[in-house]
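First up is the structure itself, then whatever we jot down about it.
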Amino acid sequence: AQRVTQPEKLLSVFKGAPVELKCNYSYSGSPELFWYVQYSRQRLQLLLRHISRESIKGFTADLNKGETSFHLKKPFAQEEDSAMYYCALRARNFNKFYFGSGTKLNVKP
Amino acid sequence: KAGVTQTPRYLIKTRGQQVTLSCSPISGHRSVSWYQQTPGQGLQFLFEYFSETQRNKGNFPGRFSGRQFSNSRSEMNVSTLELGDSALYLCASSSVLGASTDTQYFGPGTRLTVL
């Protein structure tokens, strides 16, 4: 069965510290992985997807098929990064997403 | 482009009633997905419509149904409401069904409270 696990409900770091939000998944086929972010009082929005291999707002994420992980990383956290982050999986060629429970990132000044 | 819009934004119903929520996708988008978000279960996929046809379905009871119109607007209906149906219902639209480069855009959600 498809499952996305985000083990941390809350992650608090100081400004300038590195950040890693963990995401593990289980899926029998070849999935597509995404990170979505929801800032306070804003809509859920796409942050990045593994297939693009891009860095968005300083965040990167690498798909590790061996460890079935897709951790989100940023070397130096900023206060404006404080938000709710969701990891999501989509089966290829199907527009059906499985979301993790989310991690609230709190970046302290 | 205007974003995804959902109406109403807030709704209060009582057990046993039914409710209809509406979603207008971004202009040109033909795929509309619905999600239920609760503190306990997080974001759960309900169903997805493309060109007026349900393409994908989540694990929800038959009380949850939906449809899509020719202009891509979508509605979801929940019949015989239960307390556990209280949630934020999110709608998301995208232009192409399942394309790797496609992006889902989410609406603000409809907050349903069942008393």
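Chain identifiers are assigned alphabetically (A, B, ...) following the order of the sequence lines, protein sequences preceding nucleic acid strands; residue numbering begins at 1 within each chain.
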Would [X] end up clustered with [Y] when hydrophobic side chains under 4.5 Å apart are linked, directly or stepwise?
X	Y	result
A:L105	A:I56	yes
A:Y86	A:F34	yes
A:V107	A:L11	yes

* **Check: B:Y35 ring centre within less than 6.0 Å of A:F99 ring centre** =>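 Judged by ring-centre distance (under 6.0 Å), B:Y35 and A:F99 do meet the cut-off.
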* **For the student: nearest non-hydrogen atoms of B:F106 and A:L44, plus distance** =>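 Reported closest heavy-atom pair: CB-O, 3.5 Å.
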Answer yes or no: is there a side-chain heavy-atom contact under 4.5 Å between [X] and [Y]?
X	Y	value
A:R49	B:T103	yes
B:Q104	A:F97	yes
B:V4	A:R43	yes

* Counting only heavy atoms closer than 4.5 Å, note whether A:Y98 contacts chain B via side chain, backbone, both or neither. =>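 Contact with chain B is absent: no heavy atom of A:Y98 under 4.5 Å.
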Is the count of non-hydrogen atoms from other residues, nucleotides or ligands lying under 6.0 Å from [X] atom [atom1] greater than 12?
X	atom1	value
A:K104	NZ	no
A:Y39	OH	yes
A:R3	CZ	no

* Taking A:K96 for its side chain and B:K57 for its backbone only, find out whether a donor-acceptor pair lies under 3.5 Å. => yes
